[in-house]
Amino acid sequence: MIEQIESYFESFPDWVSATVIGLIAAVVAVIAGLVIHWVVFRVLRRIAGASNSESDNIVVKKLARPSRYALVALALVVAADAIPALDTLWDRIGGLVMPLLIGWMAVAILHALVEAMILRNDISVADNRAARRRRTRLSIFGRIATFIIVFVTIGLMMLAIPGVRQIGVTLVASAGLAGLAVGAAAQPALKSLIAGFQMALTEPVVIGDAVIIGGEWGWIEEIRTTYVVVKVWDERRLVVPTTKFLDEIFQNWTKTTSQLMGTVMLYVDPLTNLDPIREKFYELIEQNERWDKRVKWMQVTELTRDAIEVRFLMTAKDSPTLFDLRCDIREALMAWMREAMPEAIVRSRVLPVGPVEVNGLGPVSGEALSQMGGNGNGGTK
C-alpha cells in the first residue's frame, strides 16, 4: 500500500511526497489506535459491569483516557518504523511524549489502585478505626507517590531537550550553593512536607477522628502532606498545618476506638428522692436506639447548700451519636421531672427571721429594714 502511494506522488518533489505519506500514515495509525482502544475498553467495561465489585469499574474508568493516548502513540511508533519521514518526526518528539504518557499511565494506575483499596475499607461500620487508619495511609502515601512520579516525569522530559540538558549540567556544578539557597528559602514547605510523612507513620490523627484543636470541635475530613482539613460541627472547615498536630497539644476523642462515653449533668433539690430518677434514667437509656448497651450509670458527684449534682454516664458508637444521645436523655429527664417530680426542681429558699433591734427605733421587721437600705445603723447616728 505504501508503494502504491509513493508511485502516485512520483511526479511531486521528494519533500512533498514524504510529507503527504507521513501524514497519511500518521492518520491511519491514529485511527487504528483509537479503534483498538474502543474495542478493548468496550469489552473491559462489560466485564467490569458484570462483576459485583465496584473496584473493577474504578480501575477501568481511571485507565480509559491515558491508555487511549498510549495506544495512539504505540500505533505511531509502529508506523514510524515503515515511514522514514514519520520516523524522523518521532525521533524529535518521542523524548517528550513517551515520558509524559508513561508518567500519566503510572499516575492513573496508582490512583485507581488507591481508590479501589479505599473503597474496600468500609468506614460505615460501628468500629471503623482500622478502616480509617488504612484510608489515611493510602491517602497520604498516594499523594506522595503522585508527587514523585510527576517530578521524575518532568525531569525525564526536560532531559530530552538538548538545551535544557546543558543547563542541567551547569546547575549540577553549582548544586552546593543552589541547594543551600533553595533549602533556606523552602524551609517552611520542607518542614510541612516532612510533617506529612510523620503524620502517615505516627498517626496522631486519622481520617474521621473527632478532635478538639484551637478550641474548635470537629472531625478530620482530609489529610494532605502539608495541611489537615477539620470539619467543624457547624459545617465550617479549619485548614490546619500538619506541624500543629505534631508540635502542639490537641484532644483526639477517637484515638483508639470510635466508641465514646459521655455525661449529662442534672441538678435537683437536696430533699429529692433519687431512686425514681435512677429508675427513669435506666428506662430512657434502654429505650434509646443510640445507646450501644455498654455503660449506663448514675452518680451523685456534688452536694451544695442549694442542690445535688447528679451525673449520668452513657456510651455510644461514635461522637455524633453520643451528642444526640445526651441531648435526648437531658430533654426526656427534664420533661419527666416537670410532670412526675416537680418538687425535685431546684428552688431558692428564704427562711423568715425575727425583728431586728435598731438603735433608737426599737424592733424593726426585715421588710422595713430592707426599705431602709439594709443598714443596721439606719435612723441612728
Six-ring centre of Y282, K296 cation under 6.0 angstrom, axis tolerance 45°: yes

Backbone N/O of G142 and side chain of T146: donor-acceptor pair under 3.5 Å: yes

Ring centroid separation W217 to W253 under 6.0 Å: yes

Hydrophobic cluster membership, M334 vs F281, 4.5 Å side-chain cutoff: yes

Within 6.0 Å of CE in M105, more than 12 heavy atoms from elsewhere: yes

Side-chain donor/acceptor of T263 to backbone N/O of R311, under 3.5 Å: no

Aromatic centroids of F312 and W297 separated by under 6.0 Å: no

Within 6.0 Å of CD in E221, more than 12 heavy atoms from elsewhere: yes

Pairing of E222 and R143 as salt bridge, 4.0 angstrom limit: yes

T321 and D324: CA distance, side-chain angles, deciding distance, side-chain hydrogen bond (donor to acceptor under 3.5 Å, both in side chains) verdict: CA-CA 5 Å; T321 307; D324 294 336; 6.0 Å; no

Donor + acceptor pair across side chains of T272, D269 (<3.5 Å): no

Whether H37 side chain and A64 backbone form a donor-acceptor pair below 3.5 Å: yes

Joint cluster assignment, L63 & V43, ILVMFWY side-chain distance < 4.5 Å: no

Heavy-atom donor-acceptor pair, S67 side chain to A70 backbone, under 3.5 Å: no

Donor-acceptor contact present, side-chain D209 to main-chain V206, <3.5 Å: yes

Side chain T136, main chain I207, donor-acceptor under 3.5 Å: yes

Exceeds 12 heavy-atom contacts within 6.0 angstrom, atom CZ of F323: no

